[in-house]
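Remember, it's 1-based here, ligands and their atoms both numbered in the order they're listed. Treat the numbers as computed from the prediction; the structure is a model and nothing was measured.
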Amino acid sequence: MSVLIVVAHPDDEVLGCGATASLLAARGATVRACILSAKAAARRGRPELDELHADMRRAQALLGLGEPILGDFPNIKLNTVAHLDLVQFIEAAMLETGADVLITHHPSDLNDDHVQTSRACQAAARLFQRRSDVAPLKALHFMEVLSSTEWAFGAGGDQFRAETFCELGENMLQKKLDALTCYRGVLRDSPHPCSEQVVRALAALRGSQAGVQYAEAFQTPFRLFDFDALS
Ligand SMILES: [Zn+2]
């Protein structure tokens with residue numbers, strides 16, 4: 001299995017699905033992130049670029065992810081980039097990785113960069129319908145990113161619905177928190193949504209929905225039924 005996590009900014013991949021990504025990698029999947037605004041140049045309080053990229057690589061290594069694919073699109077201004085350019089960048093990442101599972105932002109996220117990323121990723125996901133040499137996609141999942149997805153309030157469409165759950169043990173949840181810590185300045189004090197307490201609380205809430213202690217949840221607009229998964 002090859003999983004491609006398509007996100008707008010560095011650290012989104014950890015907040016949205018860091019534990020699931022690490023679990024999949026530990027079970028033998030190739031998991032890589034495609035980060036469209038990898039420089040995050042307009043981010044307030046951003047460290048120097050080499051520090052940000054060092055943080056990013058430490059986080060990905062800790063989670064067991066492969067080399068990230070980095071875009072140079074402008075953050076907080078992804079809506080000024082031609083949709084086609086984003087789609088083609090994601091398609092190239094899909095071809096490079098042979099991705100058969102895509103994870104991306106929710107299309108009604110509050111953060112407009114996340115919305116643009118999701119829309120472009122959904123268009124790119126249909127690559128197999130345009131090219132006979134590309135294997136059909138197995139699944140497309142939307143993730144939730146604390147401090148933006150929960151603040152959408154339905155203004156841009158439907159709010160996030162938890163539909164697919166990945167059970168996490170304490171060790172995987174802690175690994176997600178450790179990966180977030182790799183990104184300097186991302187984890188804040190409670191009650192900020194990007195605090196250890198709230199990351200743990202969301203994992204506990206999603207876990208309770210699925211009857212387990214902790215989970216990361218996804219909305220799943222597309223999935224090819226996997227009979228092997230039933231055995
Ligand atoms: Zn983001």
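- Ring-plane geometry between H105 and H114 is classed as parallel, the angle between the planes falling under 30 degrees on a 0 to 90 degree scale with a further cut at 60.
- Looking at H9 and the Zn ion (ligand 1) together, the shortest N, O or S contact belongs to ND1.
- Inclusion of H114 in the first shell of the Zn ion (ligand 1) is supported: an N, O or S atom falls under 2.8 Å.
- Between F89 and F73, the two ring planes are perpendicular [angle over 60°; tilted spans 30° to 60°].
- Look at D112 and R119 and you find no salt bridge, because none of the NZ, NE, NH1 or NH2 atoms lies under 4.0 Å from a carboxylate O.
- Hydrophobic clustering of Ile, Leu, Val, Met, Phe, Trp and Tyr side chains at less than 4.5 Å, counting indirect connections, keeps V145 apart from W151.
- Look at D11 and the Zn ion (ligand 1): no N/O/S atom of the residue is under 2.8 Å from the metal.
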